[in-house]
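These notes concern the structure reproduced below.
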Amino acid sequence: MNLGKIVGVNGNLLTVEFEKPIIQNEVGFAKLGEIQLKSEVIRIRSRHAELQVFEDTGGLKVGDQVEFTGSLLSVELGPGLLTQVFDGLQNPLPALAEECGFFLQRGKYIKPLPREAKWKFTPTVNEGDTVVAGDAVGQVPEGVFNHRIMVPFHLPGRMTVKSVEPEGEFTVEDTVAVVADGKGREYEVKLMQVWPVKIPIKCYAERLRPTEPLATSQRIVDTFFPVARGGTYCVPGPFGAGKTVLQQITSRHADVDIVIIAACGERAGEVVETLREFPELTDPKTGRSLMERTLIICNTSSMPVAAREASVYTAVTIAEYYRQMGLSILLLADSTSRWAQALREMSGRLEEIPGEEAFPAYLESVIAAFYERGGVVRLNDGSIGSVTIGGNVSPAGGNFEEPVTQGTLKVVGAFHGLSRARSDARRYPAIDPLESWSKYKSIVDEDELAIARRFLHDGNEVGQMMKVVGEEGTSIDDFLVYLKAEYLDSVYLQQNAFNDVDAATPVDRQKHVFGFIVRLLNTQLKFENKDDARSFFQKLTQATRDWNQMAFDSDEFKKQEEQLNHQIAEVTDYA
Amino acid sequence: MHKVYHRIEQIAGNVIVVSAGGIIYGELAQVETGFSTSLAQVIRLEGNRVYLQVFAGGRGVSTDSKVRFLGRAMQIPFSENLLGRIFTGSGVPRDNGPVLSGNEISIGGPSVNPAKRIIPRNMVRTGIPMIDVFNTLVESQKLPIFSVAGEPYNELLARIALQAEVDIIILGGMGLKHDDYLYFRDYLEENGALSRSILYVHTAADPTVECTLVPDIALATAEQFALQDNRVLVLLTDMTNFADAMKEVAITMEQIPSNRGYPGDLYSQLASRYEKAVDFEGSGSITILAVTTMPGDDVTHPVPDNTGYITEGQFYLKNGRIEPFGSLSRLKQQVNGKTRDDHRIIMDTMIQLYASYRETLEKQSMGFRMSGWDEKLLKYGVRFENEMMALSVNIPLEEALDRGWKILADCFEPQETGIASKFTDKFWPDKA
């Protein structure tokens, strides 16, 4: 046993004197009587190691023992992860609640995967087959998915299958196959394996470029600022701009197999809504409960800070694990700023030389490394899996010039900036259409999109100008550009999250409606005066909003469309 | 037997350093100075060097002052006898009552397991239409009042405390002016609410360290009462003073400041207090109303900014009124569908019309001609401000909704309000 001795305590930072060799980022347990407090080595200086403790350190004293485990901070991977609610260190919260009641007790760790549950294993390899790390030896059904049981990711080189169990029921700790390397060393394959969270899982053939759009059912996202499968995006915004609501909507409607929500340092109340509502909702894709495709990592703001830092890694590691099964995973992190703040707190305790706003100098590279764990990959068996990462950012004072937002913008593929002005005007989702951008391909035609963008841009300019010169000083042509842009904004960019139909717009419908709107934008309209023009657009907006709330391709929908076309035809300038 | 140490190696601000062995992180010590005895808490261990934060401050501590370690962390007595009492930030009686002891509880305890939380569901009635109708307060909510110095935020807080339907009121005063402290005490006493209240008050004249203890003590007590099936309302005023006290302590400890001198963990520190708001399933609840003064009316100042990210909405108190724009109760949707059918309609319509009124006011000030519609809005706006927004208005929700309909009917035709006709048919008052 490798033991160390505490020589200093400062907040959740321990200084420990050690004798035998220790590993950077290895896990240690500080002993406080009966309780063991999990901690991680974060710096080593001569005979002293500094450990961040994932719990409150009150009660420790100089001379207390620390036991080093020799392994890095890791998560358990195996069937039974989905539908669970974990804290940042992968403790199942409902199980903790059963044992400890209302409050989280420190030093209480429960095994993440249920040990008694039996899974029906079906082998997919035969004795003598050659496999490499990450290849499946069999599968078990988990909800609607075929959960692949894979050769442990850390095994090097080609392996030969020595034996494999026939179809049957196994627990996660049972061995289902034995593989041997070239030198004849044998390794057991169990239903579960353990993997360190800060090291990416790279058991795939190649990493591909994210090109296929990932539909979120939010019009402004899919059409204007699309997200690609395996891509990354960020959503910065001041408080009250609707980051969390937007994320909740995305987690419900996104066209992916599995959604992992990392609630990192935010309000507990928000997680509770997901927790209590998702089991009641149905996934339109499978017809099963939405919870069956969801996994929540929840380290809310009042839970220990060091575990908050670990929570995003726990989430992304689990996402990578399911990617190895050829599935498409969406990881939503709310909020990466809180995670960055956790880094800042530790950096401060370590008395490192601070960078901008006291964030550590390595902030940007840490953010980049995290987002780079997303991506779409071709697995060894040819199937495609992807991890898409969407991170919320909570910039101080709503100012995007701060280090976390800037560090994130450098590495993501799409930027959905929420603006206070739009949320104050109740224009939801409050994504700013002029500031946001995306490097991914939209679901609609690029040329048509360019037209729509130009209208938004020009309309905004006319609007600004009108504030100075008034409506009287604006020409009717400019005024029409303004009205068209406002129309596009109100009926397409804005979306009513509380209406059952409008809350989610599938791709087909988006293409259809967008085509309709672009036709209107391209149509020359003729009005006697500005008041007529305004009142025409007011009516058209109201009618189109009604149209948005009708089921796609229903008779009602078609009738309304006809009427809209009719309304437009009446004012069209055919000259 | 507790060890006594005589040699103090360093005194800087409120932090002293002594050489001692076997000391527990977080434990309390008694520091005897020539003038008084004060408690102190271990905040850092570094080999044999023990850093202590002296609650009464470093002033008067001599290099040979006696330091006696108590071997236990900060605890406060808890019992029904606390009700009606007033204490300082470190739990010493401020009134002339006896010192309480026994049944000690720890402060700053662990956080509630998110899996045990429930979706909030009960409205807290306050009798203030701007809250009840437009931004309903919900049991277990955490809500700050954003304000600038000079606004009547303490009066508002005291009034909500008195009128809210709760079992127990706990006031945590931080950096209060002595007058304000007396105001709270007298107001609660005159209205017969002192017997169900507990006051933990740190005044501006008291040592800074005590200020940082107030929220923890207040919330630890609240938690115990809530677990005994009580609905507890915790009032914290003013959280900006609390943050400033933390800043002072952090700077003395030579921590690297992050934003305008505040420590890097400001968010976590505030969150761990606010997150104590909870509804225990099958038991009581804690609702937190706090005051956050915004230096220079700047909402992007680190304290209100971080607070906004933590709390479930905010009330803006401006010019003696709760401002309808910017004020937000994130939990109102959970309850305002269950009060009365017309609640949400009145809420949305009156605010939209009031927004139009503000636009009209702007137009008027720029000298544009007023249309008939503008005249109606002007009439409406004034009535809305006087009969709904004024803090002197004190009526139950139902009466406020009726009054809303009456104001609308006096100013507009039903179709002008944008309310669907099925509702105007039902609720529009008959003109007498």
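Protein chains get the first letters and strands the later ones, always in sequence-line order, with residue 1 at the start of each.
Taking each heavy atom of A:S301 and B:Y267 in turn, the nearest pair found is CB-OH, 3.8 Å. Taking both residues in full, the closest heavy atoms of B:Y25 and A:N10 are given as OH-C, 4.2 Å, listed atom of the first, atom of the second, then distance. Of all the heavy atoms in B:S272 and A:S302, the pair that sits closest is CA-CB, 3.9 Å. Contact record, A:L104 with B:P114: CD1-CD, 4.4 Å, taken as the closest heavy-atom pair.
Of the possible donor and acceptor atoms, one in the side chain of B:D305 sits under 3.5 Å from a partner among the backbone N and O of A:G397. Of the possible polar contacts, one joining the A:R267 side chain to the B:T311 backbone as a donor-acceptor pair under 3.5 Å is found.
Both the backbone and the side chain of A:V62 come within contact range of chain B, with heavy atoms under 4.5 Å apart. Proximity to chain B (any heavy atom under 4.5 Å) is shown, for A:R420, by neither the backbone nor the side chain. Residue B:I310 touches chain A through its backbone alone, counting heavy-atom pairs closer than 4.5 Å. In this structure, no portion of B:P302 lies under 4.5 Å from any heavy atom of chain A. Contact annotation for A:P403: neither backbone nor side-chain heavy atoms come within less than 4.5 Å of a heavy atom of chain B.
Among B:A271, B:A277, B:P263, the residue with the largest count of heavy-atom pairs under 4.5 Å with chain A is B:A271. Counting heavy-atom pairs closer than 4.5 Å to chain A, the top residue among B:N306, B:T300, B:D265, B:I256 is B:D265.
Qualifying ring-ring contact (aromatic ring centres under 6.0 Å, His included) partners for A:F239, counting only residues two or more places apart in sequence or in other chains: B:Y309.
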(request) In sequence, state the C-alpha distance, the side-chain angles, and the governing distance for B:I23 and A:K61, and then conclude on side chain to side chain contact (heavy atoms under 4.5 Å, CB included). (result) CA-CA 6 Å; B:I23 304 303; A:K61 52 183 190 295; 5.9 Å; no
(message) Between B:I118 and A:R276, does the side chain to side chain contact (heavy atoms under 4.5 Å, CB included) criterion hold? Intermediate values first, please.
(response) CA-CA 8 Å; B:I118 50 173; A:R276 304 264 165 174; 3.9 Å; yes
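Between A:F103 and B:L227, some side-chain heavy-atom pair lies under the 4.5 Å cut-off. Contact check for A:T300 versus B:R117: no side-chain heavy atoms found under the 4.5 Å cut-off.
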Enumerate donor-acceptor pairs with a distance under 3.5 Å from any side-chain N or O in residues 339-346 of chain A to protein atoms, sequence neighbours excluded.
unit_1, atom_1, unit_2, atom_2, d
A:Q341, OE1, A:R338, NH1, 3.1
A:R344, NH1, A:E357, O, 3.1
A:R344, NH2, B:G264, O, 3.4
A:E345, OE2, B:S268, OG, 2.7

